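Worksheet: one structure, shown below.
Just so we're on the same page: letters track the sequence lines, and every chain starts at 1. If you're wondering where the values come from, they're calculated on a predicted model, not measured in any experiment.
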Amino acid sequence: MEYNHKDIESRWQQQWREKGIYRAEIDPSRPKFYVLDMFPYPSGAGLHVGHPLGYIASDIYSRYKRLNGFNVLHPMGYDAYGLPAEQYAIKTGQHPEITTNENIARYRSQLDKIGFCYDWDREIRTCDPDYYKWTQWVFLRLFNSYYDKGADKALPISDLVAHFEKNGSEGINAAETKELHFTADEWKAMDAKEKSDVLMNYRLAYLGTTMVNWCPKLGTVLANDEVSEGRSVRDGYPVEQKMMDQWCLRVSAYAQRLLDGLDRIDWSDSLKETQRNWIGRSEGAEMRFKIAGSDIELEIFTTRADTVFGVTFMVLAPESMYVDMITTDEQRAAVDEYIASIKHKTERQRMIEKKVSGVFSGAYAVNPLTGKEIPVWISDYVLAGYGTGAIMAVPAHDSRDYAFARHFNLPIIPLIEGADVSEESFDAKEGRMINSSSDILDLNGLDVKEAIAKTKARIAELGIGKVKVNYRLRDAIFSRQRYWGEPFPIYYKDGIPTAMDDKDLPVLLPEVDKFLPTETGEPPLGRAKDWKTKDGYPIELCTMPGFAGSSAYYLRYMDPHNSEALVGKEANEYWGSVDLYLGGSEHATGHLIYSRFWNKFLFDLGVVCEDEPFRKLVNQGMIQGRSSFVYRVGESNTFVSAGLRSQYDDTQEKHVDISLVNNDVLDIEAARAWAPEFKDAEFILEDGKYICGWAVEKMSKSKYNVVNPDDMVERYGADTLRLYEMFLGPIEQSKPWDTNGIDGVYRFIKKLWSLFYDKNTLLIDDSEPTAENLKTLHKLIKKVTGDIEQFSFNTSVSAFMICVNELSAQKCRSRRVMEDLLVVLAPFAPHVAEELWHAIGNGTSVCDAKWPAWNEDYIKDSTVKYAVSFNGKARFTMEMPADAGKDAVEAAAMAHQDSAKWLAGKTVRKVIVVPGKIVNIVVG
RNA sequence: GCCCGAAUGGUGGAACGGUAGACACGAGGGACUUAAAAUCCCUUGGCCAUCGCGGCUGUGUGGGUUCGAGUCCCACUUCGGGUACCA
């Protein structure tokens with residue numbers, strides 16, 4: 001029988017499906033293991049060969065755990081809400097649901113061909129009402145909760161209301177948008193709208209007026225992690241800043257817990273570091289500066305309290321509420337003009353220009369520690385969203401303040417001994433303080449760190465400020481002016497945002513005639529007929545963002561058909577948290593923050609039993625494309641081979657489809673047929689060939705470098721694709737796809753096959769394995785076991801190749817050896833392993849076998865090779881009995897015939913013997 | 001700018017501080033074949049060699065630790081990734 005992957009793979013895939021062997025059920029008698037892939041957004045382009053990389057790795061790990069007796073939960077689903085389907089709907093009028101379902105069907109068929117062990121009975125789609133009901137359900141909980149900083153957890157908003165009834169805002173220690181002060185009587189006197197406004201200040205899901213990233217092209221707001229360098233991450237459209245009423249999640253309340261949790265989880269250091277930076281904890285002090293001749297106090301935040309004596313001016317963010325309050329009449333016109341000029345610029349423009357700009361407010365503030373009066377300026381280099389939106393400027397020791405001071409000719413006072421501030425500021429936190437003394441505080445001679453501590457203590461003592469920890473992490477903006485997303489379970493009762501009841505869930509996404517905003521600029525849901533509650537109140541028009549549906553999907557997989565709860569107690573307690581999570585590092589500051597926040601909140605509520613959702617996380621690298629180019633000479637219809645390109649002044653590179661290129665040699669006839677512009681083109685050859693240039697780029701249709709896994713499966717089979725993707729290199733590393741190498745893996749499978757079959761004759765018998773056979777086998781078992789535990793799948797593939805070559809040379813026919821070999825191979829190449837497993841007479845599936853243990857005795861050598869070096873440089877090898885003692889090894893090395901040559905005329909100073917490895921003789 | 005990470009043949013990549021380049025691709029040579037595909041065998045870091053003895057050199061650069069460094073430490077260069085007026 002010849003190896004026929006098509007026949008084998010479709011047959012076994014069908015059998016596995018029919019027998020449902022990958023179905024996972026709660027089984028307290030077995031240990032559980034939860035392996036999760038980041039679920040994909042089903043895009044119209046389908047999967048390319050890079051997508052399955054992580055899925056293959058997690059599949060290998062899942063199968064390995066199964067073989068080791070674990071009850072493995074390995075589910076898959078679709079992050080089905082998203083912009084591309086909606087964009088397509090706007091263009092064509094086709095409902096995004098239709099597009100999405102088509103794309104899902106395509107993804108599924110592509111995934112199925114690769115032979116994954118997913119439990120498809122647990123599939124979820126975020127756009128499915130049975131699923132998004134629970135997304136809405138969590139939102140209602142967030143809406144009805146606040147964060148108590150004392151208890152350090154989320155509590156019901158009703159607790160807060162009870163407190164207000166009794167004590168007003170007195171003694172409240174809650175995460176809040178801004179500090180509010182009112183008495184119980186004042187609270188009671190408020191009308192419904194006023195009370196709603198006050199509670200919004202505390203709710204974990206709240207409606208707030210915030211500066212948002214508005215993308216006019218997409219007609220929606222974007223979260224910070226969806227914006228990069230002033231453009232939308234997904235499509236690259238410009239993004240501008242705009243004040244809008246938006247639903248927000250108070251993620252910032254969990255900043256410290258999100259930070260602390262990182263120490264308890266097994267993620268890569270770089271990913272943890274990225275999250276730490278994103279959360280951006282910074283310890284400093286808040287300090288109040290009085291405005292001269294008024295009662296107004298400006299509050300600032302600084303990490304450099306030690307530099308108070310170098311404060312020569314203050315700066316407010318243009319959006320700061322103080323701007324209006326302190327601007328003098330003389331400066332009013334200038335300030336208004338400046339603020340207007342800022343508003344015109346988008347964030348992107350501001351960033352590109354990076355020009356120093358600002359305006360004097362006319363007001364002066366009093367430095368509380370020196371008594372000196374300093375001017376207050378307004379500039380856009382101070383951000384409204386961080387700290388208090390106001391800073392004390394210390395030009396000598398902060399580069400931004402320095403640039404500003406230079407531009408506007410403001411004084412610069414150096415505070416650190418030896419710091420030269422004539423050309424640039426001295427930002428380092430080191431050195432001894434000078435020029436820092438007044439009646440109130442003396443820092444002279446102190447080290448920077450001591451000075452910071454002393455100043456903080458003094459500020460607190462004087463009651464002009466306090467020690468404060470700030471976080472860069474902002475609340476997540478949760479509204480999208482879009483159609484294809486989860487509707488909010490919120491309606492407006494006389495203008496007051498009101499939560500729906502659990503029994504009203506799910507709030508189904510309504511039908512609309514078009515997917516565009518309305519003529520009056522309302523979101524698309526404004527087009528829905530009767531978008532009202534039963535009582536006739538209007539329902540929220542925005543939908544939730546993409547990260548809503550992906551924030552708790554891993555919980556739903558545990559109990560996907562539960563209609564009573566997001567996840568049942570029993571299921572949650574059994575499956576716990578995700579033991580292994582695989583996905584791309586691009587979610588480091590988005591999904592992976594939001595779902596941790598979401599999970600911690602649900603933990604506070606007692607809905608889930610684990611505080612962290614993903615115990616171990618592995619980022620698989622990206623597989624990039626390897627694009628091929630031809631070079632057009634000037635504007636002509638002549639193309640020059642890559643090697644001759646330098647002989648022409650003006651050549652332009654042009655992508656050509658990689659299917660036309662083999663080992664960088666262009667198939668010219670195929671190229672002529674491929675594109676009209678090549679039809680009559682002239683090709684200048686080198687050595688009779690047209691050599692293409694190449695570059696590693698992201699795989700995309702427009703670069704003609706996409707490799708489709710279906711084609712690979714068709715030509716080589718799923719097992720070869722799986723092995724090859726693993727063989728390409730370490731899983732975490734990004735690497736270009738190169739189809740050329742796949743033949744090597746394909747050959748390996750054929751060699752494996754020929755170990756079992758010669759034509760139609762099965763070669764395997766019941767003969768006893770030889771010592772050699774066992775050594776080869778057990779080396780493999782040991783290696784692969786270790787590799788899988790460490791996610792080093794590429795070296796496992798090499799180990800299989802070596803093993804098969806050895807067994808083939810040994811003419812091994814022993815069934816015992818082959819069985820173990822197939823079990824170890826099964827996670828990597830399940831189809832061929834299953835086929836051969838049955839061929840040698842096993843009735844049950846190899847997926848249900850037991851992972852073999854290796855026996856060290858079989859691997860042990862009776863003799864060991866020692867590399868003998870002189871002064872560290874290896875010169876020759878000698879063989880010694882494995883149990884020879886150090887002295888014997890040393891003596892043998894010294895007495896070896898080759899030693900004489902290296903020892904001639906030298907004295908031996910020292911001999912180092914590393915058992916089983918090396919003898920190093922140090923000679924002088 | 002700041003924070004991570006990386007740098008090894010023509011290519012992808014192996015190497016608990018112990019004979020660098022496993023394994024694979026590609027290339028070259030050969031066998032089989034009318035021929036091709038497939039398969040198999042040999043060679044393959046560089047340089048030298050009285051090319052079947054052997055030798056020298058070699059893991060981005062420069063130092064250091066060590067009997068011994070691709071691996072550890074310091075400085076630098078280059079390339080990726082993240083982030084950015086975050087006070």
Side-chain angles (χ1 to χ4, degrees), chain A residues 2 224-225 228-229 268-278 280-282 284-285 300-305 307 315 317 347 350-351 354 356 379-383 385-394 397-401 403-404 427 470-474 585-586 588-589 619 621-622 626 663-664 694 696 723-724 727-730 732-745 747-748 750-751 754 786 792 794-802 805 865-877 909-923:
Chain A
E2 289 293 300
N224 282 338
D225 67 283
S228 175
E229 293 180 2
S268 75
D269 289 339
S270 69
L271 185 57
K272 285 190 195 179
E273 203 52 33
T274 304
Q275 290 215 340
R276 284 194 190 103
N277 289 340
W278 191 258
R281 178 189 162 100
S282 86
I300 58 98
F301 174 78
T302 181
T303 52
R304 293 295 301 273
T307 59
V315 188
E347 175 145 330
R350 277 204 229 171
M351 213 134 57
K354 244 184 180 167
V356 177
S379 173
D380 64 352
Y381 86 87
V382 173
L383 303 178
Y386 183 76
T388 60
I391 60 152
M392 60 177 213
V394 186
H397 303 290
D398 181 288
S399 54
R400 296 153 300 180
D401 298 343
F404 195 83
D427 291 15
N470 253 328
Y471 300 91
R472 202 187 79 118
L473 184 71
R474 315 257 183 103
S585 54
E586 67 273 19
T589 54
N619 287 128
M622 239 200 325
R626 190 179 186 276
N663 278 331
D664 291 337
W694 59 274
V696 173
L723 283 166
Y724 185 55
F727 184 68
L728 272 176
E732 273 119 330
Q733 199 170 302
S734 287
K735 53 237 158 185
W737 177 265
D738 182 4
T739 301
N740 287 327
I742 202 169
D743 286 322
V745 174
R747 269 174 217 146
F748 156 74
K750 283 195 283 190
K751 268 185 215 166
S754 66
S792 176
N794 56 331
T795 50
S796 290
V797 181
S798 298
F800 284 122
M801 290 174 176
I802 294 166
N805 279 339
K865 268 192 185 164
Y866 278 85
V868 181
S869 6
F870 292 84
N871 290 345
K873 182 138 192 83
R875 293 300 175 179
F876 63 87
T877 60
R909 289 236 190 95
K910 201 175 178 184
V911 179
I912 290 111
V913 177
V914 180
K917 295 252 164 137
I918 207 160
V919 184
N920 190 15
I921 301 168
V922 186
V923 290

From the options [options], select the nucleotide whose nearest atom is closest to the side chain of [X].
X	options	result
A:W278	B:rU83, B:rG13, B:rU57	B:rU83
A:V914	B:rC4, B:rG18, B:rU19	B:rG18
A:F727	B:rC85, B:rC25, B:rC23	B:rC23
A:A874	B:rG18, B:rA22, B:rU19	B:rU19
A:S282	B:rC85, B:rA87, B:rU83	B:rA87

Does [X] make a side-chain N or O approach to OP1 or OP2 of [N] shorter than 4.0 Å?
X	N	result
A:R626	B:rC25	no
A:K750	B:rU39	yes
A:K910	B:rC67	yes
A:Q733	B:rA6	no
A:N794	B:rG12	no
A:R747	B:rC40	no

Find the distance [X]:[atom1] to [N]:[atom2] and express it as a whole number of Å.
X	N	atom1	atom2	answer
A:L723	B:rG12	CG	C1'	16 Å
A:Y471	B:rA87	OH	C1'	17 Å
A:K735	B:rG5	NZ	P	19 Å
A:D738	B:rG10	CG	P	17 Å

**Sidechain-backbone polar pair: A:D401 side chain, A:V394 backbone, donor-acceptor under 3.5 Å** = yes

**Item:** CD-NZ distance between A:E2 and A:K750, expressed to the nearest 0.5 angstrom
**Value:** 9.0 Å

**Request:** To the nearest 0.5 Å, tell me how far A:N805 CG sits from A:I802 CD1.
**Result:** 8.0 Å

For nucleotides [N] and [M], find the distance between their [atom1] atoms and express it as a whole number of Å.
N	M	atom1	answer
B:rG60	B:rG70	C1'	12 Å
B:rG13	B:rG81	P	16 Å
B:rA24	B:rC74	C1'	37 Å
B:rA84	B:rC4	C1'	15 Å
B:rA15	B:rA20	C1'	7 Å
B:rU83	B:rU66	C1'	39 Å
B:rU65	B:rG1	P	32 Å
B:rC23	B:rC56	C1'	28 Å

**Request:** Give me the ring orientation class for A:Y724 and A:W737: parallel if the planes are under 30° apart, tilted from 30 to 60°, perpendicular past 60°.
**Result:** perpendicular

So [X], base contact, sugar-phosphate only, or nothing? Heavy-atom distance under 4.0 Å.
X	result
A:T274	sugar-phosphate
A:R474	base
A:R875	sugar-phosphate

**Which residue lies more 5' along RNA chain B, comparing A:I918 with A:Y386 via nearest heavy atoms** = A:I918

**Asked** Starting at the 5' end of RNA chain B, which residue's closest nucleotide do you reach first, A:N871 or A:A799?
**Response** A:A799

**Asked** Closest approach of A:P736 and A:L728, non-hydrogen atoms and distance?
**Response** O-CD2, 4.4 Å

**Message:** Is any side-chain heavy atom of A:T302 closer than 4.5 Å to one of A:I391?
**Reply:** no

